[in-house]
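Step one of this worksheet: look at the structure below.
From a predicted model like this one, the values you see are computed outputs, not experimental measurements.
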Amino acid sequence: MSKIEMKTPLVEMDGDEMTRILWKMIKDELLAPYIELKTEYYDLGLENRNETDDQVTIDSAEATKKYGVAVKCATITPNAARVEEYKLKEMWKSPNGTIRAILDGTVFRAPIQVKGIDPCVKNWKKPITLARHAYGDVYKNVEIRVPGAGKAELVFTGADGQEIRQTIQEFDGPGVVQGVHNTDKSITSFAKSCFNYALDTKQDLWFATKDTISKTYDHRFKDIFEEIYQNEYKEKFEKNGLEYFYTLIDDAVARVMKTEGGFIWACKNYDGDVMSDMVSSACGSLAMMTSVLVSPSGVYEYEAAHGTVQRHYYKHLKGEETSTNSVATIFAWTGALRKRGELDGISELCSFADKLEKATLSTIESGKMTKDLALITSMKDVTVLNSEGFIKAIRETFDAM
């Protein structure tokens, strides 16, 4: 059988550690035998980001704006220990934060549901989609290690020279200080993306922040959402029998545990990061969640929502066997390939993506799975496969289809 031809390249962003190993396995076993893969490759491994002074991350984001669709492997966001381990020039920013700042938009994440893996929250019957703002806040922060006593101030100097100044803290000793920001433009894009996605998928929309404490920063998010809803979306929501409401983030957490799911939960950048991990873990595994960044200009970046699986990578380096779940990374590829097929009018590419996802879930439902799922499945006498064995089992299922 001839391979499926592609017209436009995908932007391919390679990553780090165990997910980098899985990345190559997926390409070799599940993609290259069936597709003439056309990608513009960027190595976002930490060593190359360090070598290029992180320019490769910026280049990959600009390429995504050019081509419209990207697929990204998990990457390391270095801390002090990583700086020493990799001998880094500096503690580079989160590559996801850099890419999202350039592309803007919203990250939509939803659990990948499969028979035999039941949510820890027993009343969750439908997937909960997390809509995560993809710009600013702590991911574009500026930080200072305060060496000793002194005054920290927040200063804004307008283009007209007008100055706004507030004291943050009078330090009587060492400490830390952090500055974060967002823009009305990005918050507006976030709100509209959420309202449109809710209408497209016929789901209620929740939005949650902490405006009782953050009376200016978080309250601005709340106000923009409300203004846009009242002026542009209220009639559309009511016509479709949908509900939009705002609540505090702590109230949302309490409520979400008592629902059946089947709604969109919109959160600020960091809140969305944490809550999507909570929802995916409660549904089985961090490796069982889709994640796509959708920008206002119609650019899509697909990725796995989890990290680089550092512990498994160190085992791999020692020659020890690992059983690492590759489902989210596979679904990142299928999501990107499907979108590329839709945009280029290649139905075979869309069909391939659908079938590979079905083969992945069918493999699990047949009792063949990685250790993380075997520990929580309701199925009996399952077969636990190692990292490579699971991917090869998916290929066998796919070929049989």
Side-chain angles (χ1 to χ4, degrees), residues 11-28 39-64 70-103 134-148 174-180 269-270 273-274 277 286-287 291 293 301 303-326 328-329 332 386-388:
V11 176
E12 179 187 349
M13 306 174 186
D14 210 343
D16 287 300
E17 298 188 319
M18 198 63 210
T19 45
R20 188 182 182 98
I21 305 298
L22 298 176
W23 194 260
K24 186 176 186 306
M25 290 181 190
I26 291 165
K27 287 176 66 178
D28 290 347
T39 72
E40 185 161 307
Y41 178 86
Y42 293 87
D43 183 0
L44 267 58
L46 188 51
E47 294 96 334
N48 194 48
R49 278 184 275 144
N50 189 61
E51 182 68 25
T52 63
D53 295 332
D54 211 28
Q55 183 62 41
V56 66
T57 307
I58 297 168
D59 292 344
S60 70
E62 293 297 337
T64 303
V71 58
K72 181 182 175 295
C73 183
T75 47
I76 294 169
T77 298
N79 55 17
R82 295 294 205 170
V83 171
E84 184 175 341
E85 178 184 356
Y86 283 86
K87 310 301 181 199
L88 303 181
K89 299 173 186 176
E90 62 179 84
M91 196 183 298
W92 303 109
K93 292 274 189 179
S94 159
N96 287 338
T98 299
I99 293 165
R100 289 166 188 161
I102 293 170
L103 299 182
Y135 176 80
D137 300 346
V138 71
Y139 297 87
K140 289 287 288 182
N141 68 9
V142 177
E143 301 175 319
I144 296 173
R145 175 75 172 89
V146 176
V176 289
V177 64
Q178 177 186 86
V180 299
N269 209 340
Y270 178 72
D273 191 3
V274 175
D277 282 354
L286 287 173
S291 181
L293 170 69
E301 184 230 342
E303 62 178 343
H306 57 73
T308 58
V309 202
Q310 179 184 7
R311 183 172 57 86
H312 285 200
Y313 180 61
Y314 289 160
K315 289 181 67 177
H316 173 80
L317 290 180
K318 294 176 184 176
E320 298 176 16
E321 189 173 89
T322 65
S323 183
T324 315
N325 190 331
S326 52
T329 306
N386 63 25
S387 306
E388 185 176 8

As an exercise, state the distance from CD of Glu40 to CE of Met13, rounded to the nearest 0.5 Å.
10.0 Å

Donor + acceptor pair across side chains of Asn50, Lys87 (<3.5 Å)
no

Taking C-beta and beyond as the side chain, do Thr308 and Tyr313 meet within less than 4.5 Å on heavy atoms?
no

Could you point out which residue of Ile99, Thr98, Thr52 forms a side-chain contact (heavy atoms from CB on, under 4.5 Å) with Ile58?
Thr98

Over 12 non-hydrogen atoms of neighbours within 6.0 angstrom of CG in Leu317
yes

If every non-hydrogen atom of Thr75 is compared with every non-hydrogen atom of Gly15, which pair is closest and at what distance?
CG2-CA, 3.8 Å

About how many Å separate OG of Ser326 and CD1 of Ile21, when rounded to the nearest 0.5 Å?
13.0 Å

Check Asp277 against Ala305 and note the closest heavy-atom contact, atom names and distance.
OD1-O, 4.0 Å

Could you pull out the closest heavy-atom pair between Thr324 and Ser387, with the gap in Å?
N-OG, 2.9 Å

Please step through side chain to side chain contact (heavy atoms under 4.5 Å, CB included) for the pair Glu90 and Asp54, ending with a clear verdict.
CA-CA 10 Å; Glu90 62 179 84; Asp54 211 28; over 6 Å; no

Test your reading of the model: is there a side-chain donor-acceptor pair from Lys72 to the backbone of Ala332, 3.5 Å cut-off?
no

Can you name the nearest heavy-atom pair linking Gly136 to Asn269, along with the distance?
O-ND2, 3.1 Å

Dump the intermediate steps for salt bridge (charged side-chain N to carboxylate O under 4.0 Å, His left out) on Arg20 and Asp43, then the final yes or no.
CA-CA 10 Å; Arg20 188 182 182 98; Asp43 183 0; 2.9 Å; yes

dist Arg100:CZ -> Lys140:NZ (nearest 0.5 Å) comes out at 13.0 Å

Minimum side-chain heavy-atom gap Glu62-Asp59 below 4.5 Å:
no

Looking at Glu320, I'd like to know if its CD atom is crowded, meaning that more than 12 non-hydrogen atoms belonging to other residues, nucleotides or ligands lie closer than 6.0 Å.
yes

Ignoring hydrogens and geometry, is there a side-chain-to-backbone donor-acceptor pair from Ser94 to Tyr139 under 3.5 Å?
no

Taking CD in Glu51 as the centre, count heavy atoms belonging to other residues, nucleotides or ligands within less than 6.0 Å. Is the count above 12?
no

Donor-acceptor pair, distance only, cut-off 3.5 Å: does the side chain of Asn79 make one with the backbone of Ala81?
yes

When you look at OH of Tyr270, are more than 12 heavy atoms from neighbouring residues, nucleotides or ligands closer to it than 6.0 Å?
no

Could you go step by step and tell me if Lys89 and Asp53 meet the salt bridge (charged side-chain N to carboxylate O under 4.0 Å, His left out) rule?
CA-CA 8 Å; Lys89 299 173 186 176; Asp53 295 332; 2.9 Å; yes

If you round to the nearest 0.5 Å, how far is NZ of Lys315 from CE of Met18?
10.0 Å

Please check if the side chain of Asp16 supplies one atom and the backbone of Leu46 the other of a donor-acceptor pair under 3.5 Å.
yes

How close do Pro78 and Met91 get, counting heavy atoms only, and between which atoms?
O-CG, 3.3 Å

Looking at Lys93, I want to see if its NZ is surrounded by more than 12 non-hydrogen atoms of other residues, nucleotides or ligands under 6.0 Å.
yes

Tell me, do Glu85 and Arg82 make a side-chain contact under 4.5 Å, heavy atoms counted?
yes

If you measure from CG on Leu44 to CD on Glu12, what distance do you get to the nearest 0.5 Å?
10.5 Å

Given side chains that start at C-beta, do those of Asn325 and His306 come closer than 4.5 Å, heavy atoms only?
no

Shortest non-hydrogen separation from Thr64 to Ala70 and the atoms involved:
OG1-CB, 3.4 Å

Ile76 vs Arg49 side-chain heavy atoms within contact, under 4.5 Å
yes

